[in-house]
Amino acid sequence: MTTLNRPGTPEGHVCGIDTAMEVIGGKWKVLILWALHEHPCRRFGELRRLLPGITEKVLASHLRELEADGVVHRVSYDEVPPRVEYSLNEEGKRLNHALQPLAAWGRERPASRGPEEKAGQGL
């Protein structure tokens, strides 16, 4: 799912977060990046097993988008049966490194918060 550039700025981006969200937006892309970081150089089926709940269609689509965005490297081997492996390239590794503080924030956040804790809290 590629995000369309926003009108109002020459490049269509408001800030760096806007640009980053264009690459990682969606439910599964960050989890795909994590899986490739934790388990480098994986085949499609291996990635699907690492991400329970993702469909083949969504995984294939997101991998194509991440490759087009220049963060995932795809290698196709001329073998029978065909073999394709995915890994993070340098930009993908940089992106994962940038996401580490967000992951730390998520780990430190209480698993469940009561309604009174959520009330009155903005973004």
Side-chain angles (χ1 to χ4, degrees):
M1 176 175 95
T2 303
T3 307
L4 297 176
N5 289 337
R6 295 181 183 175
T9 62
E11 302 84 32
H13 297 285
V14 176
C15 66
I17 295 291
D18 194 27
T19 304
M21 289 305 296
E22 198 170 285
V23 175
I24 64 169
K27 178 179 178 181
W28 294 102
K29 286 186 179 179
V30 173
L31 296 175
I32 293 169
L33 292 171
W34 168 83
L36 287 172
H37 172 75
E38 292 290 314
H39 308 277
C41 210
R42 293 293 162 178
R43 295 174 72 172
F44 184 89
E46 293 171 321
L47 283 173
R48 184 147 185 253
R49 284 187 292 278
L50 289 170
L51 301 165
I54 194 169
T55 65
E56 287 186 19
K57 179 180 176 180
V58 169
L59 179 57
S61 171
H62 283 351
L63 285 168
R64 278 192 301 273
E65 290 172 14
L66 290 167
E67 182 184 9
D69 287 331
V71 294
V72 168
H73 182 66
R74 179 183 186 271
V75 177
S76 180
Y77 295 92
D78 190 20
E79 298 176 354
V80 177
R83 179 171 57 119
V84 178
E85 292 180 342
Y86 298 91
S87 60
L88 294 177
N89 60 22
E90 288 305 313
E91 279 297 299
K93 291 174 186 175
R94 285 184 59 222
L95 178 55
N96 246 1
H97 182 71
L99 291 170
Q100 286 177 352
L102 184 61
W105 179 85
R107 284 188 299 273
E108 295 165 3
R109 186 169 166 81
S112 63
R113 296 175 27 186
E116 61 280 351
E117 292 175 327
K118 293 179 186 176
Q121 291 186 2
L123 301 174

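Note that the numbering runs from 1 along the sequence shown for the chain. As the structure is a prediction and not an experimental result, all values here were calculated from the model.
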Shared hydrophobic cluster, Ile24 / Leu31 (ILVMFWY, side-chain heavy atoms < 4.5 Å): yes
Check: Val30 and Leu102 side chains under 4.5 Å, non-hydrogen atoms: no
Exceeds 12 heavy-atom contacts within 6.0 angstrom, atom CZ of Arg83: yes
Spatial distance of atom CG (Leu59) from atom CD1 (Ile54) [nearest 0.5 Å]: 4.5 Å
SB check Glu90 Lys93 (cutoff 4.0 Å): yes
Student check: side-chain heavy atoms of Ile32 and Tyr86 closer than 4.5 Å: no
Nearest heavy-atom neighbours spanning Cys41 and Glu85: SG-OE1, 3.1 Å
Common cluster, Leu95/Ile17, ILVMFWY with side-chain heavy-atom separation under 4.5 Å: yes
Heavy-atom side-chain contact between Arg74 and Val84 under 4.5 Å: yes
Cluster link Tyr77 to Leu36, ILVMFWY, side chain under 4.5 Å: no
Any residue meeting side-chain hydrogen bond (donor to acceptor under 3.5 Å, both in side chains) with Glu67, in chain and number order, not counting sequence neighbours: none
Taking every non-hydrogen atom, the tightest pair across Phe44 and Glu56: CZ-O, 3.5 Å
Distance in Å, His37 NE2 paired with Gln100 CD, rounded so as to fall on 0.5 Å steps: 5.5 Å
Nearest-0.5 Å distance that lies between atom CH2 in Trp28 and atom OG1 in Thr55: 8.5 Å
Donor-acceptor contact present, side-chain Asn89 to main-chain Glu91, <3.5 Å: yes
Minimum heavy-atom distance between Ala98 and Pro101, given as atom pair plus value: O-CD, 3.3 Å
Interatomic distance, Leu51 atom CG to Trp34 atom CH2 [nearest 0.5 angstrom]: 7.5 Å
From Asp69 atom CG to His62 atom NE2, the distance as rounded to the nearest 0.5 Å: 11.5 Å
Reported CG-to-NE2 distance for the pair Leu50 and His39, which is rounded to 0.5 angstrom: 4.5 Å
